[in-house]
Amino acid sequence: MRVKCVMCDTIEELVDDTLEAKRLRNRPIHTHMCNNCYQRIEQRTKERLATGKFHFYRSSRKIEEDF
């Protein structure tokens, strides 16, 4: 399956049997991001978190840990 990165428009080849390929086929709202773009965003997010001025809101719901 050929996919295009939403950030840098590079075209990559995915194996048809992978979970990511299935998600992209069945749910058009899912998008693909190449590993280079994903790592770049991850690194910059960690840098912003380290400054202390950036608040990362993970979820608005509280998850109960006592199941």
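Every heavy atom of this structure was used, including side-chain atoms; hydrogens, water molecules and symmetry mates were not. Along the sequence shown, the residues carry numbers beginning at 1.
- In this structure, Val15 stands alone, with no Ile, Leu, Val, Met, Phe, Trp or Tyr side-chain heavy atom under 4.5 Å from its own, directly or through other members.
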- Determine, stepwise, if the pair Lys22 / Asp17 fulfils side chain to side chain contact (heavy atoms under 4.5 Å, CB included). CA-CA 7 Å; Lys22 183 178 179 182; Asp17 298 334; over 6 Å; no

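- Arg40 is linked by a side chain to side chain donor-acceptor pair (under 3.5 Å) to nothing, counting only residues two or more places apart in sequence or in another chain.
- Leu14 shares a hydrophobic cluster with Met1, Val3, Leu24; the chain of contacts runs through ILVMFWY side chains whose heavy atoms sit under 4.5 Å apart.
- With rounding to the nearest 0.5 angstrom, the CG atom of Asp9 is 4.5 Å from the NZ atom of Lys4.
- The line from NE2 of His32 to CD of Glu20 is 5.5 Å long, rounded to the nearest 0.5 Å.
- In this view, Lys46 and Glu42 satisfy the salt bridge (Lys or Arg N to Asp or Glu O under 4.0 Å) rule, not counting sequence neighbours.
- Residues passing the side chain to side chain donor-acceptor pair (under 3.5 Å) test with Gln39, sequence neighbours excluded: none.
- The closest side-chain heavy-atom distance from Cys34 to Glu12 is below 4.5 Å.
- Judged as a salt bridge (Lys or Arg N to Asp or Glu O under 4.0 Å), and not counting sequence neighbours, Glu47 has no contacts.
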